[in-house]
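When a ligand or atom number is given, it counts from 1 through the structure's own listing order. Just the heavy atoms: all of them, side chains too, but no hydrogens, waters or symmetry mates, feed the values below.
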Amino acid sequence: MLGKFIVFEGIDGSGTSTQSEMLKDYLLDNNIKAVTTAEPSSGPIGNLIREGFKKRVAFVDDSKLFDEQMAYLFAADRHDHLYNKVDGIFSLNKKNITTISTRYFFSSLVYHVTNDKEYKFVKKLNEKFPLPDLTIYIDNPVEISLERIALRAHRDTYENKEKLEKVSKNYKKVFAEYNQNLLVVDGSLSIMEIHNIIKREVIKLYE
Ligand code: ADP
């Protein structure tokens, strides 16, 4: 399959959206067809999740039940994002289109988990999803992310210091376990430095 499946992960404000767009442009400049996508997806379940974040749809108040509900919804959305025949990741990959997704099941393991029991539950929910051809983890210090997020007009549920610190710690654990096809980049480098590291690694996928 010529189209590759590439994933960006990192805490909010780490630069994943910026880098995924730059990577797409770089691939297009090199005559490699590529699109960016994200989780939650733009499909029906992804939209439901977004409506929930905006409180247009009411989800449970209890934070543990909320995390559990999110883990189920994100797994259902992920299945649709990968396998739907219209614009699913693998349908596009079969047409030689590389898909660059901001977030994948690693995000469920870091955002919807607070202890080992929950980790096992979310891991089980996601165990059938395949690994990407390359996962790029932008490892950004929490303080730097917070400064960048403070400049945004709209903030979502997960963007506070305590949550980001927990998520950052969880990422370290997750990527100690899922360390195949993984590139870890220091998020405190400049946008261009990060882009250059990423493109050197990504182009190898097509050699
Ligand atoms: P994410 O999608 O991971 O939440 P964004 O790509 O939206 O993060 O970046 C958040 C903000 O930080 C944006 O204003 C972006 O221009 C800026 N930014 C991204 N990467 C860097 C970087 N390496 N150095 C400085 N600023 C950055």
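- Proximity to Thr16 (heavy-atom distance under 4.0 Å) selects the following atoms of ligand 1: 1 (P), 2 (O), 3 (O), 6 (O), 8 (O).
- When only interatomic distances are considered, the shortest N/O to N/O separation between Asp12 and ligand 1 does not fall below 3.5 Å.
- Phe90 and Phe5 have perpendicular rings, their planes meeting at more than 60° on a 0 to 90° scale where under 30° would count as parallel.
- The distance criterion of under 3.5 Å between nitrogen or oxygen atoms is not met by Ile194 with respect to ligand 1.
- Looking at ligand 1, you'll find an N or O of Thr18 within less than 3.5 Å of one of its N or O atoms.
- Aromatic ring pairs are classed by plane angle as parallel below 30°, tilted from 30° to 60° and perpendicular above 60°; the pair Phe105 and Tyr178 is perpendicular.
- By the criterion of a heavy-atom distance under 4.0 Å, neither the backbone nor the side chain of Ser188 is placed next to ligand 1.
- Every atom of ligand 1 with a heavy atom of Ser190 under 4.0 Å away is listed here by number and element: 23 (N).
- Of the candidates Ser42, Pro44, Pro40, Asp77 forms a side chain to side chain contact (heavy atoms under 4.5 Å, CB included) with just one, namely Pro40.
- The aromatic rings of Phe106 and Tyr104 sit perpendicular, their planes meeting at an angle over 60°, well past the 30° parallel limit.
- Listed by number with element, the atoms of ligand 1 under 4.0 angstrom from any heavy atom of Gly13 are 1 (P), 3 (O), 4 (O), 8 (O).
- A salt bridge does not link Asp87 with Lys95: none of the charged nitrogens is closer than 4.0 Å to a carboxylate oxygen.
- Because its NZ or CZ atom is not both nearer than 6.0 Å to the ring centre of Tyr111 and within 45° of the ring axis, Lys163 does not count as a cation-pi partner of that residue.
- Heavy atoms of Ser14 come nearer than 4.0 angstrom to ligand 1 in at least one pair.
- Residue Ile138 does not touch ligand 1, judged by heavy-atom distances below 4.0 Å.
- Between Asn181 and Pro132, the shortest heavy-atom distance links the atoms ND2-O, 3.2 Å.
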